[in-house]
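Just below is one structure, and these are the notes that go with it.
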2 protein chains.
Amino acid sequence: MEPDEDDRLDRAFVALADPVRRAIVARLSRGPATVNELAAPHPISVQAVSRHIHVLEEAGLVTRTRDAQRRPVHLAPEALERLTAWIDRYRLIHERRFRSLDALLDPDEKDRP
Amino acid sequence: MEPDEDDRLDRAFVALADPVRRAIVARLSRGPATVNELAAPHPISVQAVSRHIHVLEEAGLVTRTRDAQRRPVHLAPEALERLTAWIDRYRLIHERRFRSLDALLDPDEKDRP
DNA sequence: GATGTATTCAACTGACTGGTTGAATACGAA
DNA sequence: TTCGTATTCAACCAGTCAGTTGAATACATC
């Protein structure tokens, strides 16, 4: 059951922990781009960016296609959804618990927006 | 302008990149806990967990109170919101762009669920 | 086939990180 | 004051990671 589901989530969090990779994701949200295009804004070598993209790919955050010698990179929004799902899960558990605590301390306000 | 706003976001992403720290966040969503309580489920030393909590605190993901010699840790859901806000921002930009591309290629389906 | 461009592979390096153990601090209880 | 518990500080170590440069691969064009 769920062989590497946890692994994928972990890789996604690790991938977004790097500011360069987050910048790449931000750029890709506006459309696919090649490695060179993605490297241009950053003061690091193209090779380094290539490896960043590989990390994002392993995390399922991006996919790649072929176009002659180019390898355009595309955002894979499902992986981003998995991340927000994880975060929201615990955020909502916390919030729900908080509300019921409020209700406990202040029983008159049981039905509040 | 926004002195360390970026820094806070970065620390939050880095903090959640570690599975132990994510487990701590998950546990705290069900209510505050002491360092010892948080360390119990993990096969590492209490000192190590103490440092994990410190990282979470620096990222603004948790806060701490005093109770005699205990230092209960509480979840700070606003930081989690900042994370989802970042992710959703680019996820939505991507999705919006995708829809308008669809409409361009297939102009008849302008109003689809 | 030779050249140029886009990308990746390989080997190396310095910095950071997560773990350890041992000592220190803070506080309540006896 | 002494003892026990909770937590943190400090020094150390091994592994990981992001960057580098140089060589290799893949493809289009000349």
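Each chain gets a letter, A, B and so on, in the order the sequences are listed, and its residues count up from 1. Because the structure is predicted, anything quoted here is derived from the model rather than measured.
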Looking at [X], I'd like to know whether one of its side-chain N or O atoms comes within less than 4.0 Å of OP1 or OP2 on [N].
| X | N | result |
| --- | --- | --- |
| A/N36 | C/dT5 | no |
| B/R51 | D/dA11 | no |
| B/H52 | C/dG19 | yes |
| A/S50 | C/dT8 | yes |
| B/S45 | C/dG19 | no |
| B/R21 | C/dG18 | yes |
| A/R71 | C/dT8 | yes |

Margin query: On DNA chain D, does the nearest nucleotide to A/V20 precede the nearest nucleotide to A/A68 from the 5' side, or the other way round? Give the residue.
Written below: A/V20

Protein-nucleotide distance ([X], atom [atom1]; [N], atom [atom2]), rounded to Å:
| X | N | atom1 | atom2 | value |
| --- | --- | --- | --- | --- |
| B/I53 | C/dT17 | CD1 | P | 18 Å |
| B/L56 | D/dT7 | CG | C1' | 16 Å |
| A/R64 | C/dT8 | CZ | P | 4 Å |
| B/Q69 | C/dA26 | CD | P | 13 Å |
| B/L38 | D/dA6 | CG | P | 13 Å |
| B/R66 | C/dT25 | CZ | C1' | 10 Å |
| B/I44 | D/dC13 | CD1 | P | 21 Å |
| A/Q47 | C/dA6 | CD | C1' | 11 Å |

Do [X] and [Y] have side chains that approach each other closer than 4.5 Å (heavy atoms only, starting at C-beta)?
| X | Y | result |
| --- | --- | --- |
| B/H54 | B/E57 | yes |
| A/R27 | A/I24 | no |
| A/I53 | A/R71 | no |

Next item on the list: Please check if the distance between the ring centroids of B/H94 and B/Y90 is under 6.0 Å.
Entry: no

Note to self: Between A/R82 and A/E78, does any side-chain N to carboxylate O distance fall below 4.0 Å?
What the structure shows: no

Next item on the list: Scan B/H54 against the nucleic acid and name what it touches under 4.0 Å (heavy atoms): base, sugar-phosphate only, or nothing.
Entry: nothing

Notebook entry, point to check: Of the nucleotides C/dG18, C/dT7, D/dC9, which one has an atom closest to the side chain of B/D18?
Noted result: C/dG18

Margin query: Of the options D/dA6, D/dG19, C/dG19, whose atoms approach the side-chain atoms of B/R70 most closely?
Written below: D/dA6

